[in-house]
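Below is one structure, written out as structure tokens; the observations come after it.
The figures that follow rest on heavy atoms only: side chains count, while hydrogens, waters and symmetry mates do not.
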Amino acid sequence: MSYTALYRKWRPASFRDVKGQDHIVQTLKNQISAGRIGHAYLFCGTRGTGKTSIAKIFARAVNCENPQDGSPCNECGICRGIASGSSMNVVEIDAASNNGVENIREIREQVQYPPTEGKYRVYIIDEVHMLSTGAFNALLKTLEEPPSYVIFILATTEVNKIPITVLSRCQRYDFKRIGIETVSSRLKELTTAEGIPAEDRALAYIARAADGSMRDALSLLDQCVAFHYGSLLTYDNVLEVLGAADSTVFSGLLRGVAAGQARECIRKLEELVNQGRELGQMVTDFIWYLRNLLLLKTAEDAEDMLEISEDNLKLLREETELVDGDTLMRYIRVLSELSGQLRYAPQKRVLVEMALIRLAKPQMEQNMDAVIQRLDALEERLEAGEGVLSPEQWSGLAARLGSVPGSADAGRDPQGALAEPGAGGPRQVTIPKAQLEDLELIRRDWGRIVRELGGSIRPSFRDTVVEPGGEGCLCIVFSGEDSYAIGSRPTVLGSLEDYVREHYGKEIYFKVRRKEAGESMNTIYVSDEELKSAIHMDIQVDD
């Protein structure tokens with residue numbers, strides 16, 4: 001006996017076998033039970049989501065001699081005849097190869113004759129969007145007022161191509177993509193019934209690769225099982241058959257890109273090519289990896305939305321500190337463009353190499369995303385105390401600004417901003433030790449705090465200075481009127497206080513003020529204890 005593919009062997013035979021389309025199944029069952037059956041239905045949705053399967057089940061159910069809760073019994077003669085394809089009550093038409101006016105005329109002639117057995121004649125027209133304009137027009141009258149014993153079920157993957165005149169005559173049902181967990185559960189059920197040993201992790205990857213299509217998942221499972229027949233189907237086996245890469249590969253690529261190591265990224269890509277990995281699939285999986293990282297970095301309770309293992313989740317948490325959200329979105333945009341180009345590209349490897357270099361070396365690009373990323377990198381270097389200019393260059397710049405020559409830190413205030421030309425020496429102010437500790441804590445990380453808050457806060461807080469504001473309070477000084485208007489909003493200050501509370505465990509309140517004309521912002525703050533200690537050390541008593 002010839003082998004039957006899994007997606008054909010395990011096609012749903014009743015409504016209870018349909019997975020992931022509960023809203024449609026329940027509606028159709030209620031219609032059958034109540035006898036409120038329509039004359040025209042439109043099933044639309046992506047491939048492999050159950051449109052044709054449900055249409056065939058519905059055709060058996062409306063003709064079944066002993067329906068059970070709206071489902072066919074699959075035991076009576078009519079059900080068996082429809083299932084075997086010998087019944088004249090159900091006519092299945094492929095509109096891709098029967099899309100002319102003459103084909104629709106044949107249907108119009110056939111519907112004049114009532115069924116010889118059962119209650120209804122059911123016409124299932126698959127890929128109905130392929131019908132010509134003339135065929136649609138020929139179908140309209142019959143579709144609107146068919147005989148009482150005729151039901152039309154139209155199925156399509158491109159509902160946007162269906163004329164509005166047809167849509168208005170049908171009950172429309174949208175089939176959604178089947179969730180990864182539902183597909184994975186179904187695969188586990190089938191492998192158990194077939195006696196196929198398989199790891200849950202392997203089945204989960206197949207389910208994700210199917211992209212919401214149950215038929216695609218069963219086809220991929222068939223392919224993997226055939227390659228490793230008689231042995232345990234492991235996660236590595238699935239990656240090998242599908243030409244995919246493990247998540248650790250994407251982790252290495254991301255770290256190389258974030259560190260600007262283009263050579264390391266090219267070396268990892270060469271390893272993938274030598275292993276026979278499919279580059280289009282690799283780029284798609286890398287985009288998905290970055291998407292998970294972006295969700296984990298920006299969304300609350302993102303762990304519930306990520307269908308990954310605990311080990312991979314731990315790795316992602318570590319990598320959220322490598323890049324910010326804006327940079328991640330740039331990576332995804334570049335790779336998404338690449339994914340579209342790879343489909344018909346003769347030199348896929350060259351395009352992937354160019355994309356990785358673009359990601360790792362934003363200075364090679366002139367678009368706005370790359371410029372912003374380069375500015376962010378410069379800011380991080382400044383905040384970390386790394387000089388962008390050499391000591392000699394700093395000395396020359398300081399001399400031109402009127403500061404003390406010969407110092408790499410000349411002309412800079414304690415928070416890294418250039419001091420005003422001609423300003424006098426820094427003023428020293430004494431504050432309680434607790435206030436000084438809060439001030440130093442926030443001042444040290446002020447640039448990173450503003451950058452991570454992002455949004456409208458980031459540009460408005462670019463030239464701000466933090467100063468003591470009293471017990472448990474800090475004051476933010478703005479140099480511009482527009483920046484002050486944004487920064488003084490209660491919602492902005494509230495989000496800033498929430499961030500400090502969450503990341504530092506401190507209850508610090510913020511207030512704001514505008515910088516006064518001619519005001520120097522290079523004040524040095526010391527604690528009162530340090531001042532007393534210094535006085536005791538330096539004081540001398542003459543006899």
Side-chain angles (χ1 to χ4, degrees), residues 239 243-298 312 315-390 393 447-448 451-452 454:
L239 295 180
D246 186 69
S247 58
T248 55
V249 174
F250 304 126
S251 175
L253 279 176
L254 176 63
R255 292 174 185 270
V257 166
Q261 299 172 348
R263 181 177 179 181
E264 179 67 16
C265 296
I266 299 301
R267 187 185 65 80
K268 289 184 178 297
L269 178 63
E270 184 176 3
E271 293 177 359
L272 292 174
V273 172
N274 292 336
Q275 294 170 8
R277 304 304 186 191
E278 207 282 312
L279 293 182
Q281 183 65 42
M282 186 275 290
V283 171
T284 300
D285 289 345
F286 195 17
I287 294 173
W288 190 267
Y289 185 86
L290 296 175
R291 169 260 185 191
N292 289 344
L293 189 61
L294 183 62
L295 286 180
L296 191 63
K297 190 174 182 67
T298 58
N312 288 341
L315 185 64
L316 282 179
R317 289 196 188 99
E318 295 175 0
E319 292 176 345
T320 54
E321 303 298 327
L322 294 179
V323 289
D324 57 35
D326 293 337
T327 303
L328 274 176
M329 286 190 284
R330 173 179 173 259
Y331 291 170
I332 293 174
R333 278 194 292 269
V334 171
L335 292 174
S336 297
E337 293 174 4
L338 172 66
S339 181
Q341 297 168 358
L342 287 179
R343 185 171 302 175
Y344 305 108
Q347 297 293 337
K348 295 185 178 181
R349 178 174 176 175
V350 175
L351 291 179
V352 177
E353 288 175 343
M354 289 176 58
L356 291 176
I357 293 173
R358 287 173 61 192
L359 297 182
K361 301 291 184 182
Q363 60 268 30
M364 299 180 67
E365 289 193 282
Q366 302 301 321
N367 59 44
M368 185 59 66
D369 287 342
V371 171
I372 291 175
Q373 186 176 344
R374 289 154 60 188
L375 289 174
D376 290 343
L378 289 175
E379 288 180 353
E380 290 175 1
R381 290 178 60 185
L382 288 173
E383 291 161 6
E386 300 179 15
V388 179
L389 302 178
S390 66
Q393 291 171 319
R448 180 171 62 83
R451 187 170 63 254
E452 292 189 0

Only counting residues at least two apart or in another chain, list the ones meeting side chain to side chain contact (heavy atoms under 4.5 Å, CB included) with [X].
X    : value
Q347 : V350
S339 : V283, T284, I287
E270 : N274, R349

Nearest 0.5 Å, what's the [atom1]-[atom2] distance between [X] and [Y]?
X    : Y    : atom1 : atom2 : result
L272 : Q281 : CG    : CD    : 12.0 Å
I332 : Y289 : CD1   : OH    : 12.5 Å
E353 : L279 : CD    : CG    : 9.0 Å
L254 : L328 : CG    : CG    : 7.0 Å
L335 : L342 : CG    : CG    : 9.5 Å
K297 : L290 : NZ    : CG    : 12.5 Å

Under the salt bridge (charged side-chain N to carboxylate O under 4.0 Å, His left out) test, residues paired with [X] that sit two or more places apart:
X    : answer
K348 : E278
E318 : R255
E452 : R448

Quiz item: For Q341, what residues pass the side-chain hydrogen bond (donor to acceptor under 3.5 Å, both in side chains) criterion, not counting sequence neighbours?
Solution: none

Quiz item: Quick one: side-chain hydrogen bond (donor to acceptor under 3.5 Å, both in side chains) partners of R267, sequence neighbours excluded?
Solution: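 Per chain and number, R267 pairs via side-chain hydrogen bond (donor to acceptor under 3.5 Å, both in side chains) with E264, E271.
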
Practice problem: Take V352 and M282 through the test side-chain contact (heavy atoms from CB on, under 4.5 Å) and record every step on the way to the result. | Solution: CA-CA 10 Å; V352 177; M282 186 275 290; 3.8 Å; yes

Quiz item: Quick one: are L253 and L269 in side-chain contact, heavy atoms under 4.5 Å?
Solution: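 Result no, sub-4.5 Å side-chain heavy-atom pair not found.
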
Locate the shortest heavy-atom distance separating [X] from [Y]; write the atom from each residue and the value.
X    : Y    : value
V323 : A258 : CG1-CB, 3.8 Å
C265 : L356 : O-CD1, 4.0 Å
L296 : R317 : CD2-N, 3.7 Å
L316 : L293 : O-CD1, 3.4 Å

Quiz item: For residues 260-287, which residue pairs qualify under ring pair (Phe, Tyr, Trp, His ring centres under 6.0 Å), counting only residues two or more places apart or in two chains?
Solution: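 Checked against ring pair (Phe, Tyr, Trp, His ring centres under 6.0 Å) - neighbours excluded - the pairs reaching residues 260-287 are F250-F286.
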
Exercise. Start with the C-alpha distance between L294 and Y331, add both sets of side-chain angles, then the distance that settles side-chain contact (heavy atoms from CB on, under 4.5 Å), and finish with yes or no.
Key: CA-CA 11 Å; L294 183 62; Y331 291 170; over 6 Å; no

